[in-house]
Amino acid sequence: MGAQQLHDGTADRFADDPAFAVHEGGKLVVRPTRPIESTADLALTYTPGVARVSSAIAAEPALADRFTWASRVVAVVSDGTAVLGLGNIGPRAALPVMEGKACLFSEFAGLSSVPVVLSTTDVDAIVETVAAIAPSFGGINLEDISAPRCFEIEERLRDRLDIPVMHDDQHGTAIVVLAALRNAARVVGRELGGLRVVVSGAGAAGIACTKILLEAGVGDIAVADSRGVLHAGRDDLTPIKRWAAENTNRAGCAGTMAGALEGADVYLGLSGGSVPESAIAAMAPDGIVFSLANPIPEVDPEMAARYAAVVATGRSGEPNQINNVLAFPGVFRGAMDAGATSITEEMKLAAATAIADVVGDDVRADYVVPSPLDRRVAEAVAAAVSTRAREQGVTR
């Protein structure tokens with residue numbers, strides 16, 4: 001069969017690639033929930049009936065949660081500066097990724113979502129824009145925004161808005177990493193408090209993983225960037241890296257990431273690049289290697305398996321895939337079900353425990369996290385997050 005032709009007669013170079021077929025025309029539509037088949041339907045859906053609803057909301061704003069879509073819709077917001085595996089590709093090129101994220105919200109949590117890509121990288125402009133459109137939504141999922149700007153953007157929006165705001169590259173990753181590490185520790189017969197962890201990468205995911213592991217009681221963590229381990233003696237640290245240096249590295253490592261791995265129990269890769277085999281071989285016996293760079297892990301999984309008891313990657317088709325889809329749909333669903341005004345650290349910890357508990361007593365070296373397609377996960381996470389939000393009283 002010959003190549004398909006475009007209207008101008010030229011060959012369509014995308015015709016034989018199934019990925020382009022899936023994305024052609026976009027992956028989302030907006031449809032009404034009720035038909036308009038009569039003048040009565042029209043009068044109730046739009047004017048004059050809608051005026052009664054709008055007037056009621058104007059008098060009692062909380063009614064918007066019941067009589068608009070806002071409480072069931074997430075904005076997926078990106079500036080396209082840190083798209084997984086692609087980097088700074090800009091907003092238009094990032095839009096297919098945000099559409100995909102919206103598909104996952106619908107498929108796994110029953111939530112509608114709207115991709116919003118912004119043609120600015122200015123922190124103030126992003127914050128003001130998202131704050132301005134927030135009344136249309138029940139949650140804000142920040143996505144693929146580069147560090148260190150992502151930290152300030154999330155913090156400022158969390159302070160300004162009374163709906164859940166989460167930068168998924170930070171906290172979705174962190175939640176799933178903690179869930180996997182809980183179960184990996186069970187496999188090797190260790191407690192979290194007795195583990196020494198080396199985190200390679202001090203960007204959005206690296207810092208968020210460090211924070212949640214500290215919250216969960218991990219014994220000692222060394223965080224490394226491209227210049228080596230973060231420590232108080234370095235004079236080249238951003239404020240967020242300074243925080244990490246002041247709250248980690250009890251062992252006092254001051255050299256390279258590979259040096260810090262000597263005798264370490266856990267390698268957590270969130271940086272790209274590659275790690276020499278000698279560094280993995282120097283880890284403690286029954287080690288744990290989570291090598292999460294995509295599409296090429298920092299540590300080859302087959303090589304890692306020669307030395308480590310548990311190996312995980314971010315790749316599909318490999319055992320123990322650390323995939324954010326295990327976290328974010330259920331987290332937002334649970335938070336929005338509860339009418340939560342924020343996503344707290346306790347809610348994230350509850351989500352991690354729920355994911356780990358789906359594995360339960362079936363845990364083994366090649367099964368420390370559920371499959372990304374396991375439909376039990378989002379339901380369990382949503383229930384745990386909703387319960388914790390109500391217990392904390394962070395609900396409207």
Side-chain angles (χ1 to χ4, degrees), residues 147-148 170 173-174 177-178 180-182 184-185 187-188 190-294 296-301 303-314 320 322 368:
Q170 292 183 59
T173 302
V177 163
L178 175 57
L181 188 58
R182 284 191 184 280
V187 170
V188 299
R190 302 285 299 278
E191 298 291 334
L192 290 181
L195 297 176
R196 184 162 76 84
V197 178
V198 175
V199 177
S200 177
I207 294 297
C209 286
T210 299
K211 287 183 176 180
I212 202 169
L213 294 181
L214 289 172
E215 289 279 348
V218 168
D220 190 23
I221 304 174
V223 183
D225 63 8
S226 59
R227 297 186 180 184
V229 176
L230 306 185
H231 59 86
R234 283 181 51 176
D235 59 4
D236 60 343
L237 302 180
T238 63
I240 195 68
K241 289 183 181 181
R242 174 66 57 188
W243 172 90
E246 292 172 351
N247 289 275
T248 62
N249 197 14
R250 287 192 336 214
C253 297
T256 65
M257 186 276 297
L261 274 177
E262 185 172 354
D265 302 297
V266 181
Y267 167 79
L268 174 55
L270 299 154
S271 62
S274 61
V275 179
E277 183 170 350
S278 58
I280 301 301
M283 292 176 62
D286 290 330
I288 298 167
V289 172
F290 290 176
S291 186
L292 307 185
N294 260 320
I296 301 174
E298 301 93 340
V299 181
D300 178 75
M303 179 269 282
R306 292 200 290 270
Y307 305 99
V310 179
V311 177
T313 71
N320 297 328
I322 307 294
V368 297

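Values below: all heavy atoms of this structure, side chains included; hydrogens, waters and symmetry mates excluded.
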For [X] and [Y], which heavy atoms make the closest approach, and how far apart are they?
X	Y	value
Val289	Ala308	CG2-CB, 3.7 Å
Ala205	Thr173	CB-CG2, 4.1 Å
Asn249	His231	ND2-CB, 3.7 Å
Trp243	Thr210	CZ3-CG2, 4.4 Å
Ile288	Ala185	CD1-N, 4.2 Å
Leu192	Ala216	CD1-O, 4.0 Å

* Those residues that, when tested against Arg182, pass side chain to side chain donor-acceptor pair (under 3.5 Å) (two or more places apart) -> none
* Can you sort out the partners of Thr248 under side chain to side chain donor-acceptor pair (under 3.5 Å), two or more places apart, ordered by chain and number? => none
Distance in Å, [X] [atom1] paired with [Y] [atom2], rounded so as to fall on 0.5 Å steps:
X	Y	atom1	atom2	value
Ile322	Leu178	CD1	CG	10.5 Å
Ile207	Asn247	CD1	CG	10.0 Å
Leu270	Ser291	CG	OG	9.0 Å
Cys209	Leu292	SG	CG	7.5 Å

* According to the salt bridge (charged side-chain N to carboxylate O under 4.0 Å, His left out) rule, which pairs have a member within residues 266-294, sequence neighbours left out? -> Glu277-Arg306
* Asked: Can you list every salt bridge (charged side-chain N to carboxylate O under 4.0 Å, His left out) pair that touches residues 205-228, not counting sequence neighbours?
  -> Asp225-Arg234, Asp225-Lys241, Arg227-Asp236
* Using the side-chain hydrogen bond (donor to acceptor under 3.5 Å, both in side chains) rule, collect all pairs that involve residues 252-273, keeping only residues at least two apart or in two chains. => Arg190-Asp265, Ser200-Ser271
Would you say the side chain of [Y] lies within less than 4.5 Å of the side chain of [X], judging by non-hydrogen atoms?
X	Y	result
Leu181	Leu195	yes
Val275	Met257	yes
Ile221	Val199	yes

* Qualifying residues under side-chain contact (heavy atoms from CB on, under 4.5 Å), relative to Ser226, sequence neighbours excluded -> none
